[in-house]
Amino acid sequence: MRYAWLPCLKSPVPETLKRPLSVADHEARQVADGVCFAVDRDMGEGYKLEKAGDGYRITGGETGVLYGTYALVRALAAGDPLPEGVQKPFYPLRMIDCWDNMDGTVERGYAGRSLWFEGGEFRYDPARIRQLGRMLASVGINALCVNNVNVHAPAQQLIGWLLPDLAAFADILRPFGVRLMVSVDFSMPLQCGLDTADPLDSRVQAWWNARADAVYAAVPDLAGFLVKADSEHRPGPNAYGRDHAQGANMLARALKPHGGVLVWRAFVYNCMQDWRDHSIDRPCAAYNAYMPLDGRFDENVILQIKNGPYDFQVREPASPLFFGLRNTRTAIEYQLAQEYTGHQIDLYAMPPMWREVTDCIGKEAVQAIAAVSNLGRDENWFGHPFAALNLFAFGLFAWDPDSAPAALIGSWAKLTYALPADQEKTLADMLLGSRAVYEKYTSPLGLCWMVQPGLHYGPNPYGYEFDAWGTYNRADRNGVGIDRTAAGTGYACQYPKELADAYGDPARCPENLLLFFHRLPYTYRMKDGRTLIQRIYDDHFEGCEAAEAMRRDLQGLALPEPDRAEALERMDKQARNARNWRDVINTFFHRFSGIDDEKGRVIYD
Ligand code: GCV
């Protein structure tokens with residue numbers, strides 16, 4: 001079983017540091033090889049690293065010494081200087097949301113089956129779960145939601161008769177500073193004898209209070225509950241004429257005596273839309289639903305908002321809720337699982353995207369950060385050996401959102417593979433540029449949803465066009481895109497004025513979002529003088545060539561087996577995927593526009 005970025009950590013790292021260390025193990029005592037620990041509980045998750053004689057001193061809170069240990073391991077292995085001063089995480093809650101089902105499947109999982117569920121129960125190798133804890137702690141991730149937000153039976157029972165199993169699982173991850181969270185089904189009281197799940201009904205409130213008491217008796221440090229409600233047919237308070245503040249607060253009040261948080265997802269939209277109806281625009285939905293509720297959520301509610309207003313597309317603007325909500329605690333939700341971004345077959349390193357979003361909204365715009373997990377039972381944990389980068393980088397980015405994407409990626413490449421310097425740079429550059437390449441051959445200029453319906457891998461430009469999901473590009477012979485300006489659906493007006501004005505003006509709108517905000521003719525002139533249609537053709541040809549170039553670069557890397565074989569096998573699939581995208585999308589627009597490629601390249605009819 002391979003172990004992501006840590007197996008490569010070689011001497012001079014003290015052997016003692018390579019073993020899972022329980023927090024208690026660190027208690028102010030000399031461990032080995034000149035590394036000593038000093039626990040200062042007031043430092044919480046913070047730590048300080050110092051040289052001490054020939055060795056090192058790690059001072060920190062209970063979990064801080066653990067994080068300090070891994071930071072020392074990383075610095076020694078990479079030959080980096082020790083970080084100076086006290087290091088503290090920027091976001092107190094740094095969570096991965098696992099969409100694991102109890103039958104062993106993982107929704108949008110591209111790395112095999114669940115690491116801990118099988119056959120309707122917890123079934124796992126404890127040693128592997130300890131490794132998981134170590135992997136998460138090594139990059140500072142401190143919470144793991146154990147089950148899918150789409151709560152399928154018997155996962156409701158994670159807070160019922162499965163509690164002893166949940167507690168045993170929590171016991172394994174606790175020494176690594178990882179607290180569990182559980183996705184709960186809002187309608188659970190209905191399945192347990194009540195005739196309603198109305199959040200204002202006192203019997204429902206009493207039921208949840210008693211449930212929370214039982215849960216915390218079993219898992220006293222549970223981080224809290226995660227809820228997907230009134231979203232994609234999941235039950236929620238709307239069924240009782242109640243709003244989401246009423247629903248969330250009812251659950252939050254049950255958790256509050258135990259110190260738990262209620263994470264409520266803001267992923268609400270009409271998934272039964274009529275494509276003929278241009279008056280509904282899905283990106284507007286979450287802002288319209290939650291802005292009126294700002295200030296009405298209890299202080300232990302965290303509203304978890306996907307990074308963009310749609311659904312983890314290759315490129316979206318940041319959700320306007322990050323600008324609008326001022327009196328609500330929020331978390332940003334990313335997706336490490338590569339649902340729309342290559343299924344952990346095509347390369348898509350995410351740090352550049354996270355950094356763009358943070359630069360746009362400001363790191364203080366949210367109080368917590370979460371990401372849908374990309375883990376699974378595959379021997380290498382991630383399906384693609386390089387997909388480990390996204391979990392590694394996510395943890396470090398959540399700790400320090402000022403981290404530079406190039407530094408995160410470079411550090412992962414260095415810690416994972418002992419490549420010669422020039423090859424290490426080739427790998428890091430390939431990863432750093434991988435998002436731009438993917439974007440070019442799939443959906444440049446903010447085009448979304450041109451994927452195979454359901455599967456979400458591979459091109460299908462009209463696949464979602466006449467569907468109920470609110471996912472349209474409305475391409476025709478005259479042009480493509482949706483007018484989301486004040487003259488159109490008005491979505492752009494949900495942003496603060498300066499941004500709204502920029503997004504609302506095709507001449508000032510960032511070109512990578514042009515077709516997200518505007519409907520334009522194929523002859524529209526881009527800033528560099530090219531027509532829109534020519535830019536679409538060029539991006540697809542260039543993206544495909546770049547994928548071929550990545551394949552050549554990859555072949556030249558002396559990666560260890562089996563990573564090399566696995567990466568090359570996936571790269572072959574990526575190259576085929578890129579060709580397919582190029583030809584399908586170019587042909588699609590050629591047929592509509594009737595305009596040939598200026599450079600005379602082949603566009604199939
Ligand atoms: C967990 C998208 C995905 C679903 C996912 C949903 C969500 O619709 O395709 O698989 O369900 O987002 O984030 O809740």
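Sequence positions, counted from 1, serve as the residue numbers for this chain. Each ligand, and each atom within it, is numbered from 1 in the order the structure gives.
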Ring-ring centroid check Y287 Y290, cutoff 6.0 Å: no

Could you check whether E333 pairs with K306 (Lys NZ or Arg NE/NH1/NH2 to Asp/Glu carboxylate O, under 4.0 Å)? no

How are the rings of F394 and W354 set relative to one another: parallel (under 30°), tilted (30 to 60°) or perpendicular (over 60°)? perpendicular

Could you tell me whether R296 and D243 make a salt bridge, using a distance below 4.0 angstrom between a side-chain N and a carboxylate O? yes

Nearest-0.5 Å distance that lies between atom CZ in R123 and atom CG in L115: 14.5 Å

Per the under 4.0 Å non-hydrogen criterion, ligand 1 touches W99, E107, R108, N148, V149, N150, K228, E232, R265, F267, K306, D311, E339, H456

Pairing of R265 and D230 as salt bridge, 4.0 angstrom limit: no

